[in-house]
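The block underneath contains the structure these notes are about, expressed in structure tokens.
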Amino acid sequence: MTLQELSYEYKAHAEAISLRLKELRLAVKETNDPEYKYRLERRMAELKPLLQEARELSVLTHDYYDRGYHKNAKYTL
């Protein structure tokens, strides 16, 4: 598997996390239970960095073989 092929896996992962975050946001709006709301918001806070990382890695691995590619300061391949 090439890095470019792997980029599609990262993109799919990011889309799944994004969908889950939307579901959690909706659940927060619908609940009146403060404890449950806190747990949902905590889970969303845990998922946001994973979403950001999946998006960044998708772009990094997709563009890695491009001629104008410059090394990414955050990630090393």
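Any value given below was found using the heavy atoms of this structure, including those in side chains, with hydrogens, waters and symmetry copies removed. Computed from a prediction, not measured in an experiment: that's the story for all the values here.
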Check whether any side-chain heavy atom of Arg55 sits under 4.5 Å from a side-chain heavy atom of Ser18, and report yes or no.
yes

Check for me, please, whether Leu60 and Met1 land in the same ILVMFWY cluster - side-chain distances under 4.5 Å, paths through other members count.
yes

So that I can tick it off, tell me whether Arg39 and Glu35 are bridged by a salt bridge, with the cut-off set at under 4.0 angstrom between side-chain N and carboxylate O.
yes

Flag yes if Tyr8 and Leu50 sit in one hydrophobic cluster, no otherwise; membership is Ile, Leu, Val, Met, Phe, Trp, Tyr, and two members link when side-chain heavy atoms are under 4.5 Å apart.
no

If you count every heavy atom of other residues, nucleotides or ligands that lies below 6.0 Å from Arg25 atom CZ, does the total exceed 12?
yes

Student check: side-chain heavy atoms of Arg20 and Leu47 closer than 4.5 Å:
yes

Treat each ILVMFWY residue as a node, draw an edge where side-chain heavy atoms are under 4.5 Å apart, and state whether Tyr10 and Leu51 are in one component.
no

For residues Tyr36 and Leu24: do they belong to one hydrophobic cluster (side chain heavy atoms under 4.5 Å, members Ile, Leu, Val, Met, Phe, Trp, Tyr)?
yes

Could you walk me through whether Leu21 and Ile17 satisfy the side chain to side chain contact (heavy atoms under 4.5 Å, CB included) test, starting with their C-alpha distance in whole Å, then the side-chain angles of each, then the deciding distance to 0.1 Å, before giving a yes or no?
CA-CA 6 Å; Leu21 282 168; Ile17 294 171; 4.2 Å; yes

Donor-acceptor pair, side chain of Glu30 and main chain of Ala27, under 3.5 angstrom:
no

Gap between atom OG of Ser58 and atom CD of Glu53 - 0.5 Å precision
12.0 Å

Reported CG-to-CD distance for the pair Leu57 and Gln52, which is rounded to 0.5 angstrom:
10.0 Å

Please name the pair of heavy atoms, one in Ser7 and one in His62, separated by the smallest distance, quoted to 0.1 Å.
CB-N, 3.4 Å

With a 4.5 Å cut-off on side-chain heavy atoms, are Leu6 and Glu9 touching?
yes

